[in-house]
Structure formats: structure tokens, C-alpha cells
There are 2 protein chains.
Amino acid sequence: MEPVTEPTDLLALDRQVCFALSIASRSVIGLYRPLLQPFGLTHPQYLAMLALWQHEPLSVKELGELLQLDPGTLSPLLKRLQALGYINRERDSKDERALCVTLTPAGRELRAEAEKIPPAIVARLGMSLEELQDLHQALTRVIAATRGTA
Amino acid sequence: MEPVTEPTDLLALDRQVCFALSIASRSVIGLYRPLLQPFGLTHPQYLAMLALWQHEPLSVKELGELLQLDPGTLSPLLKRLQALGYINRERDSKDERALCVTLTPAGRELRAEAEKIPPAIVARLGMSLEELQDLHQALTRVIAATRGTA
DNA sequence: CTAAATTAATTGGCGTACAAACTATTATCG
DNA sequence: CGATAATAGTTTGTACGCCAATTAATTTAG
């Protein structure tokens, strides 16, 4: 009789997975900020360094596939990493269209410092490794779901 | 003898929760894009509308607490929502420092359309409601963890 | 072999996101 | 009461993130 408020509000903010996802993402990235600041890195730049430490050399296209980022996003980001002295940006001699992104000595040395970051984050979160692994799996499933059928 | 590659690479890209979080967040938001486009809304603007549908009227400060966003982010975002005709921005007569954000009739009418979005996203993801609820809980725990001790 | 199509990066535009500086208003305290 | 401090928003600067348009190089096809 009284259509006051629905018992289950489909649009309730605290029920939206997309909202929880964006807050969680921004909040966790915020934890990295003070740890990355000494190296002058932002979190996206840190992810690019992770990709390079693992797969160097990489083209912009390959980096974009790994990080799921636009070339339009990566292009200026890589220039900043170069300005920081962590990477080289040269055209690929085999294919002058492609960029060949490699690490500088400074970029390679940074890896040892970076290895302290993940444990520091885990400690800061105070969550069990198991719970974090479960979350990682759940996120991987969502990511796969977004790449689904349609 | 051969220090080729560590069996467990702490810095492996596909092992980072922060990476999965940012990809998942961007990927899910990407699903909203075509659904929000007819209304001229971005995903952050959509979240602001959710907050207003639930709690109108709101000040910038209150919106910032709900959405975990800077006033510097919200200020221009709200002007765009006003330009779209969905909200009013007036100074609070009780406290001229505060802004009183309210919905226009068009903004209120939009709610009925918006109710179709969450089910469409869930269908598009093709995940069970239970799995999504588990994910939501896990994300809520991470968010709480980032607000932890230190 | 050359014109057309494809591909890889870059550039520019718009909208967040966050920090810092600034303005206006209100509250507090001597 | 009046100077000071605190508060609410706005503005500016930097860096994503995504889209669309552009440029340069390589393929493909005729």
C-alpha cells in the first residue's frame, strides 16, 4: 500500500560490484603511492616496469596487450619512464613502425628495490595470503567474464 | 648453479592483486560505457547519480565521503551533471560554504531507466549472483584493510 | 612494381583522480 | 567584538584512460 522504499534497492550504492571494484582499485593503488614515490613512479608506470622486468624487450603494442592499455595511454607514459632514466625507446630496426622498449641499467637495478614492495603491501593490508589468492582468482574470473561472448 | 629465473617471481605481473584489481575495474566499467552513453553519463557520474537517488540532497563533502572522491574531482563532475540537466547546484542557505546538490525532474526520471542497467551487466557478465556477492564481500574486506591501522 | 590496405605509434580532446594553492564563509577564542 | 582558525568548494597542475584522427612504415594485391 505504501510504496515508500523498495526492500531491495537494485541501485543501492553499497550493493554495486562496480563501485566496490573502483574503490578497491583506487584504495590499493593509494597504498603503493608512498612506496613508489621514492623512485618517482606512479602505479601504472610501476606496472609497465613489471612487464618489462619480465618480458623485455617489448613494443608498445605488446605492452598494451599485457597491461590492457591503449597506445594513446602508453605513449606518454613511456616517455616519462624514459625521462626518469629507467627505459630506452628506440625504433625497431626490423620494423621501423614498432618501438623497441628496453631497460636501462638504472631500470634493471630498480628491480631489486621493487621486490620489497609486494611484501610491504601484503603486510600493510594485513590479509592472509590465502584470502588474497582467492581474491585474485575471483578477479581473474571477472576479467574473463568481461571478455565473454557479446 | 644456474640463476636463470626464480621459480616464484614476486614481481610477476599475473600474480599482482593490484594489477588484477585495476584491470577488473577498468574492464567492468567498460561494460557500463555503452549502457550509459545514451544518457550522456560516464561511470563516475553514474555513481554520483546512484548516491543522489539514495541520499538526496547531498553536499560535495558528503558525496565525497560516499564515493571516496576528492572535492577537486567532484567539483567539475557535478558541473557536468548540471550541464546535462540532471542536478541542481545551489549554495546551502544555512551555510553558504556548502553546496546543496539536488536532482532535477529529469534526474529523477532517469532512475527508472537506470534500474535496467545492473541486471543487464549481470547478464552480460554471465556470472552467478552468488559469485558476484562473494566478490563483493572480498572487495569490501580489501577496502576495509586499506583503511587499516597504519 | 606500384597503389591500396594494414599496422604501429603519436597526437589531441575529454573526463577522471589526486595533490596543492586559493577563496569565501563560518566558528572559535582572547 | 574582532582576529584567528577551521571548513567547504573551486582552481590549477600532473598523470592516467579512452577515443578518434593522423603519420609513417610495411604488406598485400592488382
Side-chain angles (χ1 to χ4, degrees), chain A residues 18-19 21-34 36-37 40-48 57-65 67-84 87 89-101 146, chain B residues 18-19 21-34 36-37 39-49 57-65 67-84 87 89-101 146:
Chain A
C18 65
F19 178 56
L21 264 174
S22 63
I23 302 277
S25 179
R26 288 193 283 114
S27 300
V28 171
I29 288 175
L31 295 185
Y32 281 81
R33 222 181 307 280
L36 294 174
Q37 193 161 6
L41 290 177
T42 64
H43 190 261
Q45 288 166 8
Y46 167 71
L47 294 180
L58 285 172
S59 67
V60 173
K61 177 186 169 62
E62 292 166 330
L63 214 39
E65 284 161 0
L67 302 179
Q68 296 293 308
L69 283 174
D70 241 42
T73 298
L74 284 174
S75 196
L77 183 151
L78 293 172
K79 286 184 182 174
R80 287 175 204 117
L81 285 180
Q82 181 183 35
L84 286 169
I87 67 167
R89 291 168 61 255
E90 299 165 354
R91 288 288 160 179
D92 184 343
S93 55
K94 309 281 185 195
D95 184 345
E96 290 284 339
R97 291 172 301 182
L99 204 67
C100 182
V101 181
T146 62
Chain B
C18 64
F19 178 55
L21 264 175
S22 64
I23 301 277
S25 178
R26 288 193 282 115
S27 300
V28 171
I29 288 175
L31 295 186
Y32 282 80
R33 222 181 307 279
L36 294 174
Q37 194 162 6
F39 312 117
L41 290 177
T42 64
H43 191 260
Q45 289 167 6
Y46 168 71
L47 294 180
M49 293 301 291
L58 286 172
S59 68
V60 173
K61 177 185 170 60
E62 291 166 330
L63 255 173
E65 285 161 359
L67 303 179
Q68 295 294 308
L69 283 174
D70 243 41
T73 299
L74 284 174
S75 196
L77 184 151
L78 292 172
K79 286 184 182 175
R80 289 179 200 116
L81 285 180
Q82 181 183 34
L84 287 169
I87 66 167
R89 291 169 62 255
E90 300 165 353
R91 288 288 161 180
D92 183 343
S93 55
K94 309 282 186 195
D95 183 345
E96 290 284 338
R97 290 173 302 183
L99 205 67
C100 183
V101 181
T146 62

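Just so we're clear, the structure is a prediction, and the values are computed from it rather than from any experiment. Chain letters run A, B, ... following the sequence lines, proteins first, then strands; residues in each count from 1.
Between A:Lys94 and A:Asp92 there is no salt bridge, since no side-chain nitrogen of the basic residue lies less than 4.0 Å from a carboxylate oxygen of the acidic one.
In this structure, A:Gln45 atom CD and D:dA15 atom P are separated by 8 Å, rounded to whole Å. Atoms CD (B:Gln68) and P (C:dT16) sit 18 Å apart, rounded to a whole Å. As rounded to whole Å, 16 Å separates atom P of D:dA15 from atom CD1 of A:Ile29. Remark: C1' of C:dA8 and CG of A:Asp70 are 13 Å apart, rounded to the nearest angstrom. Computed from coordinates, the A:Phe19 CZ to C:dA17 P distance equals 11 Å when rounded to whole Å. Atom P of nucleotide D:dG17 and atom CG of A:Leu67 are separated by 9 Å, given to the nearest angstrom. Separating the CG atom of B:Leu36 from the P atom of C:dG15 is a distance of 14 Å, rounded to the nearest angstrom. To the nearest angstrom, C1' of C:dA17 lies 12 Å from CZ of B:Arg80.
Looking at every heavy atom in both residues, B:Leu84 comes nearest to B:Gly40 through CD1-O, 3.4 Å. For the pair B:Leu67 and B:Ala48, the tightest heavy-atom approach, listed with the atom from each and the gap, is CD1-CA, 3.7 Å.
With DNA chain D read from its 5' end, the first of the two nearest nucleotides for A:Leu69 and A:Ser93 is the one closest to A:Leu69.
With hydrogens and angles ignored, the 3.5 Å screen pairs no side-chain donor or acceptor of A:Arg89 with any backbone N or O of A:Cys100. Distance alone, capped at 3.5 Å, is enough to place a donor-acceptor pair between the A:Arg26 side chain and the B:Gln68 backbone.
Taking 4.5 Å as the limit, every side-chain heavy atom of B:Leu69 sits out of range of all side-chain heavy atoms of B:Leu63.
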All N/O pairs under 3.5 Å across the protein-nucleotides 8-12 of chain D interface:
| residue | atom | partner | partner atom | Å |
| --- | --- | --- | --- | --- |
| D:dA8 | OP2 | B:Lys61 | NZ | 3.4 |
| D:dG9 | OP1 | B:Val60 | N | 3.1 |
| D:dG9 | OP1 | B:Leu99 | N | 3.0 |
| D:dG9 | OP2 | B:Lys61 | N | 2.8 |
| D:dG9 | O3' | B:Arg91 | NH2 | 3.3 |
| D:dT10 | OP1 | B:Arg89 | NH2 | 2.6 |
| D:dT10 | OP2 | B:Ser75 | OG | 2.6 |
| D:dT10 | O5' | B:Ser75 | OG | 3.1 |
| D:dT11 | OP2 | B:Lys79 | NZ | 2.5 |

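Residue-level contact check: A:Arg26 touches the backbone only, with heavy atoms under 4.0 Å from sugar-phosphate atoms and none from bases.
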